[in-house]
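Notes for the one structure printed next.
This structure is a prediction, so every number in the text was calculated from the model and none was measured. Counting convention: from 1, in listed order, for ligands and their atoms alike. All residue numbers in this chain count up from 1 along the given sequence.
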Amino acid sequence: MPDNLKDFIKPGSEEELLVKQLDFSRLPRHVAVIMDGNGRWAKKRKLPRVAGHRAGTKSVREVVETCAHLGIEYLTLYAFSKENWKRPKKEVATLWRLLKEFLKREDKVLVKNKFRLKVIGQIEAIPAFARREVERVKELTKNNTRLTIVLALNYGGRDEIVDAVKNIVNDKDFDIDTLNEEKFSQYLYTNCVPDPDLLIRTSGELRVSNFLLWQIAYAEIWITQDFWPDFRKKHLFQALIDYQKRERRFGDIYPQGDQN
Ligand code: IPE
Ligand code: IPE
Ligand code: MG
């Protein structure tokens, strides 16, 4: 176990047993998470849905901290989909307020730990008070190089592809005959971010809900029945152990990097 994890993991705990099963030379570079189940978590406790969203912010802190300790480079969190505007106005307003409060509270932690905040999605359409906060923390952390936290806000995977096409068409210098997958990727919101290796979804739904449609072409998918507010370090360790047992063949008959 690397030294920096020793203070983070309680000796003799379930987490320690899990961490010991990890191969630190084969961790994913990029983990993406569909943080689902806040409403059901609250309902189970006879609480309003927003109590679930509030409780979910604790899991955000935990997954960020754990990724950083492991040395994972990119963590993408699906926080608000383009389709989430369909929800009751009050719930939507609370989600944006929680985001603002989260960033206000956590900005020092991001700076201190050299985390960088990046945003994907149509941010111009989110409430101004939340957008200002997002822009402020982005600016504050833009030169950091440790963990990049990519927040998906007002994000839709199909929208992202349509926006990329529009930008290519509007780029007068672009020679369409040279268009290929690599060039197309540069016009996505995730330009400069490698594709996710591991996609986690909480609360058991077996769907991708319009998340990173292009980028997850070869991501390994891990789903837990547990709700997002119950997500803790051990879940991430379990996902990583499972990920390391998979054979990533990318269409070949051999796992990547093993040709014999
Ligand atoms: C995820 O939890 C949070 C957002 C989508 C913003 P949900 O609010 O979708 O919770 P469930 O799926 O209704 O339980
Ligand atoms: C996906 O969860 C979006 C986020 C986690 C932000 P949803 O709860 O909105 O997805 P569906 O409606 O179950 O597909
Ligand atoms: Mg949901």
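- Annotation: atom 5 (C) of ligand 1 to nearest protein heavy atom, Arg87 NH2, 3.4 Å.
- At least one heavy atom of Gly37 lies less than 4.0 angstrom from ligand 1.
- Nearest protein heavy-atom contact of atom 6 (C) of ligand 1 is Ala79 O, 3.4 Å.
- Within the 4.0 Å cut-off (strictly below), no protein heavy atom is located near atom 12 (O) of ligand 2.
- Nearest to atom 10 (O) of ligand 1 among the protein's heavy atoms is Gly39 N, 2.9 Å.
- Less than 4.0 angstrom separates some heavy atom of Asp36 from each of these atoms of ligand 2: 2 (O), 8 (O).
- Sorted by first and then second residue, the salt bridge (charged side-chain N to carboxylate O under 4.0 Å, His left out) pairs with a member in residues 126-141 read Lys104-Glu133, Asp107-Arg136, Glu133-Arg136, Glu135-Lys138, Glu139-Lys142; sequence neighbours excluded.
- Using bins of under 30°, 30° to 60° and over 60° for the plane-to-plane angle, the ring pair Tyr218/Phe250 lands in the tilted bin.
- Annotation: atom 1 (C) of ligand 1 to nearest protein heavy atom, Met35 O, 3.0 Å.
- Ligand 1 lies within reach of Arg49, whose nearest heavy atom is under 4.0 Å from it.
- If you look at the Mg ion (ligand 3), the protein N, O or S atoms less than 2.8 Å from it are Asp36 OD1.
- For Phe174 and Tyr187, the ring centers sit closer than 6.0 Å to each other.
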